[in-house]
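Heads up, the thing below is written out as structure tokens.
Order of the sequence lines sets the chain letters (A, B, ...), proteins ahead of strands, with each chain counted from 1.
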Number of protein chains: 2
Amino acid sequence: MRADVTDTATTRALPHPGPAEIRLEAVLHALSDPIRLSIVRDLAGTPDELACSYFDLPVTKSTTTHHFRVLREAGVVRQTYRGTAKMNGLRGEELEGLFPGLLDSVLTAAAAEEARRAGSGPPADGAAAGPDRAEAV
Amino acid sequence: MRADVTDTATTRALPHPGPAEIRLEAVLHALSDPIRLSIVRDLAGTPDELACSYFDLPVTKSTTTHHFRVLREAGVVRQTYRGTAKMNGLRGEELEGLFPGLLDSVLTAAAAEEARRAGSGPPADGAAAGPDRAEAV
DNA sequence: CTGTTCGTACGAGAACCACCGTAGTACATC
DNA sequence: GATGTACTACGGTGGTTCTCGTACGAACAG
């Protein structure tokens with residue numbers, strides 16, 4: 001039994017790539033999926049860490065786990081266990097150090113595209129410009 | 001044999017997405033492939049348009065065609081026929097208008113990663129400490 | 001201990017993608 | 001017309017990714 005774990009509750013450790021292991025292509029690929037991009041946008045919108053169960057994604061739990069794993073292995077998010085929950089935090093500072101401005105411009109672009117899409121597309125029926133949590137970056 | 005072509009030489013037109021059709025995910029996906037990223041970097045390094053045959057890629061011509069098609073359909077490059085050659089130009093201004101700073105930060109990131117890779121690979125030690133600092137959480 | 005909640009592992013199937021080789025089109029030149 | 005160049009389309013293969021369902025493990029409240 002490893003008694004070397006100094007922490008109390010967070011014993012299950014997850015493998016994360018170090019800053020030198022993070023590959024640009026992997027980051028871009030991780031961000032090129034709509035579901036993962038929405039996760040990243042949500043994470044960027046709050047200073048807190050969010051549990052996996054917080055996200056309301058149109059896929060099953062298995063698939064959600066898969067997407068979070070891709071994000072973690074690409075070096076985009078950091079995951080830590082906290083009781084039964086797994087908390088997710090954006091590795092914003094590290095990414096900024098490696099690729100200055102990249103994450104920010106992607107988030108801005110995502111917001112711009114969403115605004116563009118919402119502004120010129122939807123006039124079909126009632127619900128106009130749903131004010132569902134505007135991600136102000 | 002259609003002789004109805006009104007233009008002189010360069011009339012074979014290729015389908016390009018309009019600015020409103022360009023999707024962020026598609027752009028990120030197009031840039032997440034090493035070969036395509038190197039193409040984009042080459043294009044960004046020159047003000048001229050470059051023929052497909054200019055590039056020295058480690059794949060066959062069929063695959064090269066495939067990659068250029070992906071870039072074109074994502075809205076990253078513009079392709080025009082010029083005699084037998086097909087010239088490729090970056091759609092930099094349009095992308096800048098849609099996603100300000102995105103292309104620039106990706107190019108900067110690619111250059112940074114290449115420098116990092118070239119600089120810290122061979123030497124046993126250098127500036128940065130070990131590749132993986134234990135993830136202190 | 002029992003049950004609940006949260007997330008993972010394991011298959012497994014469908015879709016996609018990168019890659020290739022061959023055959024074919026379009027253009028320029030001879 | 002014949003030859004050569006530049007690129008495309010088609011067909012196919014192997015690998016990866018996305019998705020799911022089910023079964024399992026870890027933490028916690030009774």
Side-chain angles (χ1 to χ4, degrees), chain A residues 1-2 5 7-16 23 25-39 49-74 76-89, chain B residues 1-5 7-16 23 25-39 49-74 76-89:
Chain A
M1 304 304 233
R2 52 244 272 143
V5 249
D7 249 329
T8 52
T10 324
T11 325
R12 274 186 295 169
L14 288 162
H16 288 77
R23 304 253 312 135
E25 297 92 334
V27 172
L28 292 176
H29 176 249
L31 297 176
S32 70
D33 183 278
I35 291 182
R36 291 194 292 261
L37 185 56
S38 85
I39 291 173
E49 296 191 321
L50 300 176
C52 289
S53 55
Y54 168 87
F55 299 88
D56 187 27
L57 302 173
V59 291
T60 64
K61 285 198 297 182
S62 309
T63 307
T64 302
T65 297
H66 161 70
H67 283 305
F68 274 107
R69 177 203 290 263
V70 171
L71 286 171
R72 189 189 71 232
E73 293 182 344
V76 179
V77 305
R78 175 177 23 243
Q79 297 188 297
T80 48
Y81 282 106
R82 188 161 184 179
T84 76
K86 187 156 78 172
M87 310 306 290
N88 300 275
Chain B
M1 304 302 195
R2 63 251 287 122
D4 56 2
V5 268
D7 242 330
T8 54
T10 324
T11 328
R12 265 187 302 168
L14 288 162
H16 287 78
R23 305 253 309 135
E25 296 91 333
V27 172
L28 292 176
H29 175 249
L31 296 177
S32 71
D33 183 276
I35 290 182
R36 292 194 290 262
L37 185 56
S38 85
I39 290 172
E49 296 191 321
L50 299 176
C52 290
S53 55
Y54 168 87
F55 298 87
D56 187 26
L57 302 173
V59 292
T60 64
K61 293 222 273 188
S62 308
T63 307
T64 301
T65 297
H66 162 71
H67 284 305
F68 274 108
R69 177 204 290 261
V70 172
L71 286 171
R72 189 190 69 233
E73 292 181 345
V76 179
V77 305
R78 164 170 294 110
Q79 297 189 297
T80 48
Y81 282 106
R82 187 161 184 181
T84 74
K86 186 155 79 170
M87 310 307 290
N88 300 273

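- Nucleotide D:dT16 holds its P atom 18 Å from the CG atom of A:Asp33, rounded to whole Å.
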> Going through the checks in order, is the side chain to side chain contact (heavy atoms under 4.5 Å, CB included) test met by A:His29 and A:Arg36?
Replying inline: CA-CA 10 Å; A:His29 176 249; A:Arg36 291 194 292 261; 4.0 Å; yes
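- A 4.5 Å side-chain heavy-atom check between B:Ile39 and B:Leu50 finds every atom pair outside the cut-off.
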> So A:Leu31 and B:Ser32, side chain to side chain contact (heavy atoms under 4.5 Å, CB included) or not? Walk me through it.
Replying inline: CA-CA 9 Å; A:Leu31 297 176; B:Ser32 71; over 6 Å; no
> side chain to side chain contact (heavy atoms under 4.5 Å, CB included) between B:Phe68 and B:Asn88: does it pass, once the steps are laid out?
Replying inline: CA-CA 9 Å; B:Phe68 274 108; B:Asn88 300 273; 3.2 Å; yes
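- What you find for A:Ala26 and A:Ala74 is that their closest heavy atoms are O-CB, 3.7 Å.
- Atom pair A:Ile35:CD1 and D:dC20:P shows a separation of 8 Å (rounding to whole Å applied).
- For A:Arg36, a side-chain nitrogen or oxygen approaches OP1 or OP2 of D:dC18 to under 4.0 Å.
- Counting to the nearest Å, the C1' atom of C:dA18 and the CG atom of B:Leu37 are 16 Å from each other.
- Remark: C1' of C:dT25 and CG of B:Leu14 are 13 Å apart, rounded to the nearest angstrom.
- Atom NE2 of A:His29 is separated from atom P of C:dC16 by 14 Å (rounded to the nearest Å).
- For residues 56-68 of chain B, proximity to DNA chain D is found at B:Lys61, B:Ser62, B:Thr65, defined as any non-hydrogen atom under 4.0 angstrom from a strand atom.
- A sub-4.0 Å separation between OP1 or OP2 of C:dG7 and a side-chain N or O of A:Ser53 is present.
- For A:Thr84, the side-chain atoms get nearest to D:dC28 when compared with the rest of D:dC28, C:dG7, D:dT5.
- Rounded to whole Å, the distance from CE on B:Met87 to P on C:dC27 is 16 Å.
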Under 3.5 Å, which protein N or O atoms sit close to an N or O of nucleotides 11-14 of chain D? Give each pair with its distance.
none

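- Whole-Å rounding puts the A:Arg69 CZ to D:dC18 C1' distance at 14 Å.
- Inspection of the B:Thr65 and B:Ser62 side chains reveals no N or O donor paired with an N or O acceptor under 3.5 Å.
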>> side chain to side chain contact (heavy atoms under 4.5 Å, CB included) for B:Thr80 and B:Arg82? Distances and angles first, verdict last.
In response: CA-CA 6 Å; B:Thr80 48; B:Arg82 187 161 184 181; 5.7 Å; no
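- Applying the salt bridge (Lys or Arg N to Asp or Glu O under 4.0 Å) definition to pairs two or more places apart or across chains, those involving residues 53-69 of chain B are B:Arg69-B:Glu73.
- Residue B:Tyr54 qualifies as open at atom OH: its count of foreign heavy atoms under 6.0 Å is 12 or below.
- With rounding to whole Å, B:Tyr54 atom OH is found 14 Å from D:dC7 atom P.
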